[in-house]
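To start, the structure itself, in structure tokens.
So you know, we letter chains A, B, ... as the sequences are listed, proteins then strands, and number each from 1.
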Amino acid sequence: MNLFAKEDRCVSPNLIKIKLPELPEVQTIVNDLDKKIVGKKILGVLYCDAKKLIKESSFEKFKKEIKNKKILKAERRAKNILVHLSDEKILSVHLKMTGHLLIVKNSKLKAKNLGATSSQIIIKNGKWAGNNLPKELKEPKNQFIHLVLELSGGEVLALSDMRKFAEVKLVDNGYLRILDQKLGPEPLDTGFDIKCFKNIIKSSKGKIKQALMDQSKISGIGNTYADEILFFSGVRPDRLVGSLKEVEINMIFRSIKDILKKAIKLRGTSTADFRDTEGKEGGYQKVRYVYQRKGEKCRKCGSIIKKIKQGGRGTCFCPVCQK
DNA sequence: TGCAGTGTTGCTTC
DNA sequence: CGAAGCAACACTGC
């Protein structure tokens, strides 16, 4: 059985397309990158429009430094995608909200009738302008191209991001230490055990959902999984951490591990663009119990899922199952 | 039709 | 000092 609506899967072997990336989604992307582009060389930057996109260094520097770097491996730290390159460089990508990466065959993108050479990808106003475009590239979500890297082997790696929140940096190895300093432990590492989690709870003050989403405390949990984790723990999102009983803390700890693992296994489950999955067949709804289910029936007890605003974010929970 | 909602991060404010 | 609010952005839905 397929647990996903069409839009939430990798829609073609060459297209990595997952929305609203939290830890499991970023892990999925990283796993795919590791499979598909490791060993290739970055021949150069074919296109880059956003001045904001390249933050750390100037674009000219970025362009010069990334040229001819070999891709060694891809890894994830929190919601950051880290592509390790030769000469101890790292291409760091944070997709923020609507960013996504595309791997596309170069030959599909050439605009022959526009007189382009093999290395010229034609993009106009952020849209692909080649002929014979794959169907997926014509989708609206893929028409916000800000960066295109040419890879050896006749492929390109592109970043599309409607809201321009995504960030791309070319950094050196020291960046890993900077990340470690500002990010909490990886929830799926063995080092993140119940003792570690209890310490985090002890050092937190406000509401439990905010604590779970605080990247400096725990890495990689966003709005979707925070809601889902708390549902499976039977704990209301607005509970103060100080009020949590031992058994509840244990439940939350287990749920963090279980839900994130399950989500990775399923290649990510989150979606914000609800309209994309609405009405479409697939078991996607089966893996989502509360997030964006306001007004619908709780899958456990049948009560109506409630939505509140907490910490500026939409927060869904079952008023009966969660105490 | 305009404006609130959508969510991640980091900066500002209190 | 730490929590809360908001900007960045573009599009959807009411």
Side-chain angles (χ1 to χ4, degrees), chain A residues 7-8 18-27 29 49-56 76-82 92-101 125-127 139-147 159-169 171 175 178-184 187 200-230 237-242 263 268-279 288 290-295 306-317:
Chain A
E7 269 60 31
D8 294 288
I18 296 168
K19 283 169 257 167
L20 278 213
E22 295 182 37
L23 186 151
E25 288 74 26
V26 177
Q27 188 66 53
I29 292 165
D49 73 341
K51 289 172 192 107
K52 216 191 110 192
L53 184 68
I54 311 295
K55 259 197 170 170
E56 295 288 290
R76 181 191 59 75
R77 180 72 177 93
K79 299 172 193 170
N80 298 277
I81 298 167
L82 303 172
S92 162
V93 180
H94 198 303
L95 298 170
K96 296 283 174 83
M97 305 194 48
T98 50
H100 55 272
L101 293 174
N125 302 324
K127 298 179 187 199
E139 286 178 24
K141 291 281 183 298
N142 294 322
Q143 300 294 343
F144 297 89
I145 306 300
H146 304 298
L147 178 69
L159 173 80
S160 178
D161 184 15
M162 182 178 72
R163 293 171 76 176
K164 295 183 191 167
F165 283 9
E167 273 178 31
V168 175
K169 310 178 204 184
V171 295
Y175 184 66
I178 296 171
L179 279 184
D180 282 337
Q181 274 168 22
K182 63 177 188 180
L183 292 170
I200 290 167
I201 290 294
K202 236 185 262 172
S203 70
S204 302
K205 271 183 182 162
K207 293 167 179 172
I208 180 62
K209 181 176 175 182
Q210 270 56 52
L212 291 179
M213 290 200 301
D214 186 336
Q215 302 299 301
S216 71
K217 292 189 169 83
I218 310 169
S219 289
I221 299 174
N223 205 28
T224 310
Y225 291 109
D227 279 3
E228 295 293 317
I229 286 164
L230 288 172
D238 56 359
R239 283 279 297 282
L240 295 173
V241 283
T269 63
S270 81
T271 174
D273 290 343
F274 197 39
R275 69 196 174 284
D276 282 350
T277 57
E278 197 175 1
R288 201 185 53 187
V290 284
Y291 179 70
Q292 284 196 349
R293 292 195 70 242
K294 176 196 172 187
K306 210 174 153 186
K307 183 174 179 181
I308 56 171
K309 193 157 186 167
Q310 187 180 312
R313 332 293 253 256
T315 298
C316 298
F317 66 99

A:Phe144 backbone acceptor or donor facing A:His146 side chain under 3.5 Å:
yes
With no hydrogens and no angle check, is any side-chain donor or acceptor of A:Gln292 less than 3.5 Å from a backbone partner on A:Val290?
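Side chain of A:Gln292 to backbone of A:Val290: no pair is present.
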Please compare A:Gly312 and A:Lys182 by the position of their nearest nucleotide in DNA chain B and report the one closer to 5'.
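Here A:Gly312 is the residue nearer the 5' end.
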By nearest atom, which of the nucleotides [options] is closest to the [X] side chain?
| X | options | result |
| --- | --- | --- |
| A:Lys96 | C:dA10, B:dG5, B:dT9 | B:dT9 |
| A:Glu22 | B:dT8, C:dA10, B:dT9 | B:dT8 |
| A:Phe144 | B:dT9, C:dC9, C:dC11 | C:dC11 |

Spacing between [X] atom [atom1] and [N] atom [atom2], to the nearest angstrom:
| X | N | atom1 | atom2 | result |
| --- | --- | --- | --- | --- |
| A:Gln181 | B:dG10 | CD | P | 14 Å |
| A:Gln310 | C:dG5 | CD | C1' | 15 Å |
| A:Arg163 | C:dT12 | CZ | C1' | 11 Å |
| A:Asp238 | C:dA4 | CG | C1' | 16 Å |
| A:Lys294 | B:dA4 | NZ | P | 16 Å |
| A:Ile208 | C:dA3 | CD1 | P | 13 Å |
| A:Lys309 | C:dA4 | NZ | P | 14 Å |
| A:Lys209 | B:dT8 | NZ | C1' | 13 Å |

Does the side chain of [Y] come within less than 4.5 Å of [X]'s, by heavy atoms?
| X | Y | answer |
| --- | --- | --- |
| A:Arg163 | A:Lys96 | no |
| A:Lys79 | A:Glu25 | no |
| A:Leu23 | A:Arg76 | yes |

Between A:Arg288 and A:Glu228, does at least one N-O distance fall below 4.0 Å, as a salt bridge requires?
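Salt bridge flag = no for A:Glu228 with A:Arg288.
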When you compare [N] with [M], how far apart are their [atom1] atoms, in angstrom units rounded to a whole number?
| N | M | atom1 | result |
| --- | --- | --- | --- |
| C:dC6 | B:dA4 | P | 12 Å |
| B:dG5 | C:dG5 | C1' | 16 Å |
| B:dC11 | C:dC9 | P | 15 Å |
| C:dA10 | B:dT1 | P | 22 Å |

Determine: side-chain N/O of [X] to OP1/OP2 of [N], distance under 4.0 Å, yes or no.
| X | N | value |
| --- | --- | --- |
| A:His94 | B:dT9 | yes |
| A:Arg313 | B:dG5 | no |
| A:Lys205 | C:dG2 | no |

Categorize A:Gly311 for me: base, sugar-phosphate, or nothing, with a 4.0 angstrom heavy-atom threshold over every strand shown.
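Since no nucleic acid heavy atom lies under 4.0 Å of A:Gly311, the category is nothing.
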For A:Gln210, answer base if it contacts any base atom (sugar-phosphate contacts may also be present), sugar-phosphate if it contacts only those atoms, and nothing otherwise; contact means non-hydrogen atoms under 4.0 Å.
nothing
